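Working notes for the structure below.
Computed from a predicted model, the values in this text were never measured in an experiment. Values reported hereafter were calculated over all heavy atoms of this structure, with side chains retained and with hydrogens, waters and symmetry mates removed.
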Amino acid sequence: MISKHYSPKDTESRWYQHWMDKNYFHSTPDDREPYSIVIPPPNVTGVLHMGHMLNNTIQDILIRKARLEGKNACWVPGTDHASIATEAKVVRMLREKGIRKADLTRDEFMEHAWGWKEKYGGIILEQLKRLGASCDWERTAFTMDETRYKAVIEVFVDLYRKGKLYRDYRMVNWDPEAQTVLSNEEVLYAEEKSSLYHVRYKIEGTADEWVTIATTRPETILGDTAVAVNPDDERYAHLQGKRVIVPKVNRSVPIVFDKYVDMEFGTGCLKITPAHDPNDYDIGKKHDLEVIDTLNDNGTLSEAAQFYVGEDRFKARKLIIKDLEEAGHIVKVEEHMHNVGRSERTSVVVEPKLSLQWYVDMQQLVEPSLGAVMEDTVEFFPKKFKNTFNYWMSNIRDWCISRQLWWGQRIPAWYYEEGVFVAETAEEALGLAKKETGNDNLTLDDLKQDEDVLDTWFSSWLWPISVFNGFETDEELKYYYPTSVLVTGWDIIFLWVARMIMSGYEWQGERPFDHVYFTGMVRDKQRRKMSKSLGNSPDALELIDRFGADGVRFGMLSSSPAGGDLLFDEKLCEEGRNFCNKIWNGLRLIKSFSLSEDTETPDGNIAASRWFESRLNQVLEELNSNFQEYRLSEALITIKRLIWDDFCSWYLEMIKPPYGESLDSATYEKTIEFFGKLMTILHPFMPFVTEEVWHLLEERNSGEDCIISSWPKGGSINKAIIKNIELSKDIVSKIRYLRAKNELSPKEALPLSIQKSETSSEFVNDKGISSIILKLANITDFSESATTPEGSTTFLSGTEKFFTQIDKEIDIEAERAKIEEELKRARGFLIGVQKKLENERFVQNAPAAVVEKEKQKLADGTARIKILEESLENLK
RNA sequence: GGGUGAUUAGCUCAGUUGGUUUAGAGCGCAUGCUUGACAGGCAUGAGGUCACUGGUUCGAAUCCAGUAUCACCCACCA
């Protein structure tokens, strides 16, 4: 006998292996319509977290659905080298072993890094397999493998030759822990509480005259080279031509007048540190001020600071406050909220710093990507992200792509004296150098390659092209590109999505994907973003162990509207697990039936299967539009309700033979067919349980697997039978309610009568419907009656009145009150309908069908009121 | 400062271009069930002025304007 509970552990790995053995995930170009997705590559040494689970479940659903529809489905997996994050991990690992990065050569370090990658790389891909991801593993790519590395270098050179790449000395975002520059998009700003220090500077040549500035970063005072005030500020007009003494360092600096200074803020007097603030830098340039860089790359104070040299910037801050305090320079200290930028990867406070870096001239790449998105050539789901995209693209800033790291693609630029030579290889660069300098004696040793590597996103923006080896050959690209859909979180819309669209047009002259489906962020119940540092993220694999992959997939999806945040709750996975179990037990029930070849199919069973077929077709229609609009959670819920409510709770109960009897084989076959179709439509969402049940339903030939079965074609929908069954369900529920209210056991059979009306006989005479009611409500006899005998218990369903005999005292007062209540509501409702119909403008303007419906409501309402009034009369 | 979105049951959310008599679901809650598939289950029920104020319309949870609260994104405030 099959066990009582569905056990995911026993089936999941078995079926995954089976699918792999059959090579179902692998795709090669053929005559079929392609359906392709490239995975957002997770960090190569990362582990699966909730965001990945959501994201990849959705991709798998879309891929599996496409496969069932007979398309050539190709889902390309891979990983990202994640230069900053991975390098930081390797550095930390080395430090623990007592090795300092600074003591290693570049090659030695890279050896360690590759070792680390070999050890931890790809774990995440194995975890995706546990989730059921049907990726084409033969295509697994890595942003730093040979093919992808080459593509990056080629693209860099190409951009440089086209004049879309340049090198410049600017104020950048510096991460003192990773010791690299960051792009604007890699800095996250958050309001943080800090102190605003009011510090007074003595005016030069006076005994006791001061100006007071306000700063949140007092340690930068050591790099001050001016104090600025607004030229319109009368408070400071007398300072024209004066100088002040910077405290601690006793440097004499000018007072400059600049409109930039906000008179309202603080004291209206601003200290200027050109080396450590972007605005100060601009002012410094304008007024020709000295630039004193007081910070080292690692965030400690440099020699130029003169004091606290070698101390960390935050330690130095504490020290200088104490010293200034003692010297009487601190006027006051205020609490202050302000925006602090932190590194996305290391979370340390970013320092503005001057340095020479490589940039992409984005202005030249904006078109035609912006238009493509605005005109839905690349369609966003949900649409609201078009705005966000438009704003960013329209105010685009150049992209800083160099990073002071080793783990990544080394910038293919070589320097000789003042010359910069960009080429794919050192030899080519040498050729260029010889040509430009006219010096034929130059050797490779004379050239010095750029020490930096490229931003990781500079390789991932090529992903939809590079995974198909698109920079070498267009064989596969022609077939799979543009890909069908990109599924990713909205948090990387700028970092990744926008740039991929730009690179797609730049190198393929074509969009990289037709659709972009933005998922929400997974948050915990307190709405906090799930993160490792908060420790609020459940262990993905443990969840799979507890609820099964199908259960977890259900949980991830059942409440995740596109672009909206998903508040993760284990309860949802539990619901998914229970759903698997429900399906499992539906199977057990069917398997427990004994069959009879020669039993005639009962009327109730014929009605039941006609009804269910129509319901199934109805749902198939709904699913089509759900999928088209990427309403995946709605699709899943719709399927769940079809299976749980319609199929298990009603259909199976309808056809279940009485104890000791057998099921007719015609109904059995129908039931197996329905069940199989249900498994196919659920398969994309919950692949394992559906495959298992699919095979237990009936003998299947080799290769007849659920994963490659075909998505059912819809059929006609019999509205009449759906309506009649709905009515029957209502009657059954009402009888069950009467039983519950009167404390009658469901086992006690009752008679049921319908009061004669225009339509009542039709109802009693429909053998299918009446036998279903008889069976499900445990009715002895269903008859039509001209009158309602005294003392019977009545209820209303639609516009029909029913009654039964319950051997129990009726509480007349309570009954009356209930009917009066209902009457009141029905009358109010009727008045509304009447008013509507009396309104000429309604009758004239509303569509005929709507008016017709209102008329029906009027007729039905009147009938109901009449029946209710009668019932009230009877109670007297 | 600029922008986007949200506000529907105790909680988390649906509500598909305005019209299905009574606005749905899951969880939670209440009552009763060891019902020959399932207690990871079954049956029944309670619970909502659709944030507020106006407007458009024959008709508004749905469209428009404003208000309030919240969330997020972007941007130079020392």
Side-chain angles (χ1 to χ4, degrees), chain A residues 2 4-6 184 189 196 213-217 220 228 260-262 264-267 269-273 277-280 282 336 338-339 382 384-385 387-388 391-392 395 490-491 493-494 521 525 527 551 558-561 563-567 569 571-572 574-575 577-592 622 625-626 628-629 631 633-634 637 640-641 648-649 652-653 656 659-660 733 736-741 743 745-747 798-799 825-826 829-830 832-833 835-837 839-847 849-851 853-854 856-858 860-861 864:
Chain A
I2 320 176
K4 216 163 132 177
H5 288 160
Y6 170 67
N184 296 321
Y189 291 90
L196 184 62
I213 57 88
T215 180
T216 51
R217 295 190 298 159
T220 62
Y260 169 78
V261 181
D262 180 357
E264 306 295 317
F265 190 92
T267 59
C269 195
L270 176 65
K271 72 192 244 345
I272 303 295
T273 322
D277 183 280
N279 297 306
D280 291 11
D282 290 342
H336 180 63
H338 77 144
N339 246 358
K384 66 175 176 186
F385 290 109
N387 276 328
T388 317
Y391 184 82
W392 188 75
N395 297 280
W490 51 256
D491 53 334
I493 183 170
F494 308 135
M521 299 291 110
K525 278 201 252 179
R527 292 199 178 272
S558 61
S559 173
S560 64
D565 289 353
L566 159 59
L567 268 62
D569 187 346
K571 277 268 178 213
L572 294 170
E574 203 179 307
E575 201 186 312
R577 181 200 60 183
N578 294 352
F579 182 33
C580 291
N581 201 47
K582 186 72 190 177
I583 295 168
W584 185 249
N585 277 288
L587 173 79
R588 284 182 69 210
L589 175 64
I590 293 170
K591 286 283 133 187
S592 75
E622 281 172 45
S625 67
N626 282 335
Q628 248 163 40
E629 297 292 315
R631 297 171 195 279
S633 34
E634 198 150 329
I637 288 164
K640 185 194 171 199
R641 298 191 45 166
C648 292
S649 297
L652 290 181
E653 292 299 330
K656 191 193 252 177
Y659 185 61
S733 295
R736 284 173 180 164
Y737 171 66
L738 287 180
R739 281 213 170 85
K741 204 177 69 172
E743 293 170 322
S745 157
K747 283 177 183 159
T799 54
R825 214 167 42 181
F829 169 72
L830 199 68
V833 177
K835 267 192 184 157
K836 233 181 199 181
L837 283 169
N839 185 334
E840 273 175 45
R841 282 187 294 181
F842 169 71
V843 181
Q844 275 165 20
N845 296 333
V850 174
V851 177
K853 214 163 264 171
E854 286 307 309
Q856 188 61 45
K857 284 186 200 172
L858 183 74
D860 291 355
R864 279 176 72 87

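- Distance, F385(A) CZ to G5(B) C1': 9 Å, rounded to whole Å.
- In this structure, N339(A) places its CG atom 12 Å from C1' of G1(B), rounding to the nearest Å.
- Whole-Å rounding puts the R739(A) CZ to U31(B) P distance at 22 Å.
- When heavy atoms are screened at a 4.0 angstrom cut-off, G861(A) is found touching no nucleic acid atom at all.
- In this entry the distance linking CG of L589(A) with P of A37(B) reads 5 Å, nearest Å.
- Checked against C42(B), G19(B), A25(B), the side chain of K582(A) finds its nearest nucleotide in C42(B).
- Side-chain atoms of N626(A) and E622(A) form no donor-acceptor pair, as typed in the model, at a separation below 3.5 Å.
- The two residues A214(A) and T267(A) make their nearest non-hydrogen contact at N-OG1, 4.3 Å.
- Phosphate contact (OP1/OP2 of G41(B), side-chain N/O of K4(A), threshold under 4.0 Å): absent.
- A tilted orientation is assigned to the rings of Y6(A) and W584(A), their planes being inclined by 30° to 60°.
- Using a 4.0 Å heavy-atom cutoff across all strands shown, N839(A) reaches sugar-phosphate atoms only and no base atom.
- Set against G24(B), C38(B), C58(B), the side chain of R641(A) has G24(B) as its closest nucleotide.
- Closest approach to the C648(A) side chain among G40(B), A37(B), G45(B) is made by A37(B) (side chain taken as heavy atoms from C-beta onward).
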*Applying side-chain contact (heavy atoms from CB on, under 4.5 Å), run through R217(A) and T273(A) and close with a yes or a no.*
CA-CA 11 Å; R217(A) 295 190 298 159; T273(A) 322; over 6 Å; no

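- In this model, the phosphate group of U44(B) is approached by a side-chain N or O of S733(A) to a distance below 4.0 Å at OP1 or OP2.
- A distance of 7.5 Å separates CG of L589(A) from CD of E653(A), quoted to the nearest 0.5 Å.
- Residue side chain E653(A) reaches the base of A37(B) through a donor-acceptor N/O pair under 3.5 Å, judged by distance alone.
- Mapping R736(A) and D262(A) onto RNA chain B by nearest heavy atom places R736(A) at the nucleotide closer to the 5' end.
- Comparing A30(B) with G10(B), their P atoms sit 16 Å apart, to the nearest whole Å.
- For N395(A) (side chain) and Y391(A) (main-chain N/O), a donor-acceptor pair under 3.5 Å exists by modelled atom type.
- Contact annotation: N578(A) reaches the phosphate of G41(B) (side-chain N/O to OP1 or OP2, under 4.0 Å).
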*Dot-bracket, RNA chain B: Watson-Crick or G-U, under 3.5 angstrom, [ ] crossing, | other strand?*
(((((((..((((.....[....)))).(((((.......))))).....(((((..]....))))))))))))....

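- Scanning both residues, N585(A) and K4(A), for their nearest heavy atoms gives ND2-O, 3.3 Å.
- Here I637(A) lies out of heavy-atom contact (under 4.0 Å) with every strand.
- Comparing the P positions of U49(B) and G24(B) gives an interatomic distance of 15 Å, to the nearest angstrom.
- What separates CG of L587(A) from C1' of G36(B) is a distance of 16 Å, to the nearest Å.
- Residue S649(A) has its side chain nearest to A43(B) when only U20(B), G5(B), A43(B) are considered.
- Straight-line distance between the C1' atoms of U16(B) and A61(B): roughly 15 Å, to the nearest whole Å.
- Taking only side-chain atoms of N626(A), from C-beta outward, the nucleotide of A37(B), U16(B), C58(B) with the closest atom is U16(B).
- Taking 4.0 angstrom as the limit, R841(A) places a side-chain polar atom (N or O) nearer than this to OP1 or OP2 of C58(B).
- With hydrogens and angles ignored, no donor-acceptor pair under 3.5 angstrom links the side chain of K571(A) to the base of C27(B).
- Within the 4.0 angstrom heavy-atom criterion, no nucleotide atom of any strand lies near C580(A).
- Residue R631(A) places at least one side-chain N or O under 4.0 Å from the OP1 or OP2 atom of G15(B).
- If you take CD1 of I590(A) and P of C38(B), they are 14 Å apart, rounded to a whole angstrom.
- Side-chain contact between K271(A) and T220(A): present, with at least one pair of heavy atoms (C-beta onward) separated by less than 4.5 Å.
- Distance, E575(A) CD to G26(B) C1': 5 Å, rounded to whole Å.
- With distances taken from any side-chain atom of K384(A) to the nucleotides A14(B), G5(B), C38(B), the minimum falls on G5(B).
- In this structure, of U4(B), C58(B), A37(B), it is A37(B) that holds the atom nearest to the side chain of N585(A).
- Between R864(A) and E264(A), the residue anchored closer to the 5' end of RNA chain B is R864(A), taking for each the nucleotide with the nearest heavy atom.
- Contact annotation for A214(A): backbone-only contact, meaning every heavy-atom pair under 4.0 Å involves sugar-phosphate atoms and none involves a base.
- Heavy atoms only, all atoms of each residue included: T799(A) and R864(A) are closest at CG2-CG, 4.3 Å.
- For G3(B), its base never sits under 3.5 Å from the side chain of Y391(A) at any donor and acceptor pair.
- Annotation: G48(B) and G54(B) have their C1' atoms spaced 23 Å apart (nearest Å).
- Taking OG of S592(A) as the reference point, atom NZ of K656(A) lies at 8.5 Å (rounded to 0.5 Å).
- The nucleotide whose nearest atom lies closest to any side-chain atom of D860(A) is, among A37(B), U21(B), U16(B), U21(B).
- An aromatic stacking contact links Y659(A) with the base of G36(B), defined here by ring centres under 5.5 Å apart and ring planes under 30° from parallel.
- Within the 4.0 angstrom heavy-atom criterion, base atoms lie near V261(A).
- A gap of 8 Å separates the C1' atoms of U35(B) and C42(B), to the nearest Å.
- To the nearest whole angstrom, the two P atoms, one in U57(B) and one in C64(B), are 16 Å apart.
- The nearest pair of heavy atoms linking W490(A) to M521(A) is CZ2-CG, 3.5 Å.
- Contact annotation for Y260(A): base contact, defined as any heavy-atom pair under 4.0 Å involving a base atom.
- Computed from coordinates, the W490(A) CH2 to C74(B) C1' distance equals 12 Å when rounded to whole Å.
- Distance check on atom P: G40(B) versus G28(B) gives 12 Å, rounded to whole Å.
- Put simply, K656(A) has a side-chain N or O that comes within less than 4.0 Å of OP1 or OP2 on A37(B).
- Separating the C1' atom of A71(B) from that of U22(B) is a span of 34 Å, rounded to the nearest Å.
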